[in-house]
2 protein chains.
Amino acid sequence: MTSPETTPAFDLEDFLPYRLSVVTNRVSRAFASRYEAAWGLSIPEWRVLAVVGAFAPLSAAAVCERTAMDKVKVSRAVARLVRRGLLTRRRDAGDHRVRLLALGDEGRRVYAGIVPLALAIDAALTGALSQRERSGLLQALDKLDACVADLDDTPPA
Amino acid sequence: MTSPETTPAFDLEDFLPYRLSVVTNRVSRAFASRYEAAWGLSIPEWRVLAVVGAFAPLSAAAVCERTAMDKVKVSRAVARLVRRGLLTRRRDAGDHRVRLLALGDEGRRVYAGIVPLALAIDAALTGALSQRERSGLLQALDKLDACVADLDDTPPA
DNA sequence: CCGCTATAGTTGCAGATGAAACTAAATCTC
DNA sequence: GAGATTTAGTTTCATCTGCAACTATAGCGG
């Protein structure tokens, strides 16, 4: 189909990684600006707060697993949240390498604020989609996720 | 529905911006590592090369529009590509502010290599999805995109 | 024409990022 | 139970990023 010197046609708009990246960045920015404006939280901070609020007490490593962020990012987000008094940190009695995270008083207050906003944002986004579309989207994302894991093992061409 | 002190349940895994972000980052990383390994190209550089290859000659501003990257990012990507000899830059005869971009000889060679890899990657990802799912996914992304634009105008809550 | 505003593109700066080195504590091995 | 290995988390460094300031050119109004 392609002679040696003819490069096949290629449209960025139709390239999945590109579309994914553009839309995701727009969503993230819109999302981040609200949390930044209301509570001065970055996305990594927001995520840490969300999982600590839901699963405390837990270790930084556990936060990594649940948020899919690397440990450096988590470490820095935690450090700032502790400095701001939103999170408390205590050494695990059994394993002194581990530092268990939990919400402080202020953290509880903020958590109670961020969850409703998250639900509202999700609802607004989901509002653009039918229930079918939403679950189809989530499902497609799961499949892509699995596929990428394979890709990493089996480089193409 | 929620008494004053009860924060509603919230699962990150089900939160659209989060899922989007995690999957996209994984896809981008997998994607970027290939182009980095094979040609030493970053994602911004890759994108610039892709649109210049398809639409040359064009201005940096035109590249911005087509890639959805901001002008600083484009400027820096272009600078590096020019330094490496992949891109040529000449002032527009009619408007001396504009610098028209085109592929250099080496750029043409690289372009001929990156497009097939892009098609292969897209095919691999799409392979995880049925044709239906793929178009559903792209369509859902378009809707989200439109929705985010609205969101920015009408802050919720 | 002359000054005012707008546009193309670059650069400076301050904050975010990830890889790799590092510290401290636990665990395994002989 | 002393040394080697692994694991939790932090720090360092080099790079990337975006905003805002800047330069250069164009176009507009009088």
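Reminder, nothing fancy here: chain letters follow the sequence lines and each chain counts from 1.
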Please list, for nucleotides 17-21 of chain D, all pairs of protein and nucleotide N/O atoms separated by less than 3.5 Å.
residue: dG18(D); atom: OP2; partner: Asp70(B); partner atom: OD1; Å: 3.2
residue: dG18(D); atom: N7; partner: Arg76(B); partner atom: NH2; Å: 2.7
residue: dG18(D); atom: O6; partner: Arg76(B); partner atom: NH1; Å: 3.3
residue: dG18(D); atom: O6; partner: Arg76(B); partner atom: NH2; Å: 2.9

Only pairs under 3.5 Å count here: list side-chain donor-acceptor contacts from residues 61-79 of chain B, not counting sequence neighbours, and write none if there are none.
residue: Thr67(B); atom: OG1; partner: Val63(B); partner atom: O; Å: 2.8
residue: Thr67(B); atom: OG1; partner: Met69(B); partner atom: N; Å: 3.3
residue: Asp70(B); atom: OD2; partner: Val72(B); partner atom: N; Å: 3.2

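- Every residue two or more places apart in sequence or in another chain that forms a side chain to side chain donor-acceptor pair (under 3.5 Å) with Glu106(B) is listed here: Arg109(B).
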Requested in this report: Evaluate the criterion salt bridge (Lys or Arg N to Asp or Glu O under 4.0 Å) for residue pair Asp122(B) and Arg134(B); output intermediate values, then yes/no.
Outcome: CA-CA 11 Å; Asp122(B) 199 79; Arg134(B) 180 194 159 88; 2.8 Å; yes

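- Each of Leu117(A), Ile114(A), Leu81(A) was checked for a side-chain contact (heavy atoms from CB on, under 4.5 Å) with Trp46(A), and the lone residue meeting it is Ile114(A).
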Let me have the donor-acceptor pairs involving side chains of residues 49-58 of chain A, under 3.5 Å, with sequence neighbours excluded, atom names and distances please.
none

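- Contact annotation: the side chain of Leu141(B) never approaches that of Thr24(A) to less than 4.5 Å [non-hydrogen atoms, C-beta and beyond].
- Residues Leu101(B) and Ser59(B) share a closest heavy-atom pair of CD1-C, 4.4 Å.
- Atom P of nucleotide dG18(C) and atom CE of Met69(A) are separated by 10 Å, given to the nearest angstrom.
- Within residues 48-65 of chain A, the residues approaching DNA chain D are Ser59(A), Ala60(A), Ala61(A), by heavy-atom distance under 4.0 Å.
- Across all non-hydrogen atoms, the minimal contact from Gln139(A) to Glu133(B) is NE2-OE2, 4.2 Å.
- The heavy-atom pair separating Arg108(B) from Leu103(B) by the smallest distance is NH1-O, 3.6 Å.
- Computed from coordinates, the Asn25(A) CG to dT17(C) P distance equals 12 Å when rounded to whole Å.
- Minimum interatomic distance between Ala30(B) and Ser33(B) (heavy atoms only, all atoms of both residues): O-OG, 2.9 Å.
- Side-chain nitrogen and oxygen atoms of Arg89(A) include at least one within less than 4.0 Å of the OP1 or OP2 phosphate oxygen of dT10(D).
- Residues of residues 90-99 of chain B that place a heavy atom closer than 4.0 Å to DNA chain C, in numerical order, are Arg97(B), Val98(B), Arg99(B).
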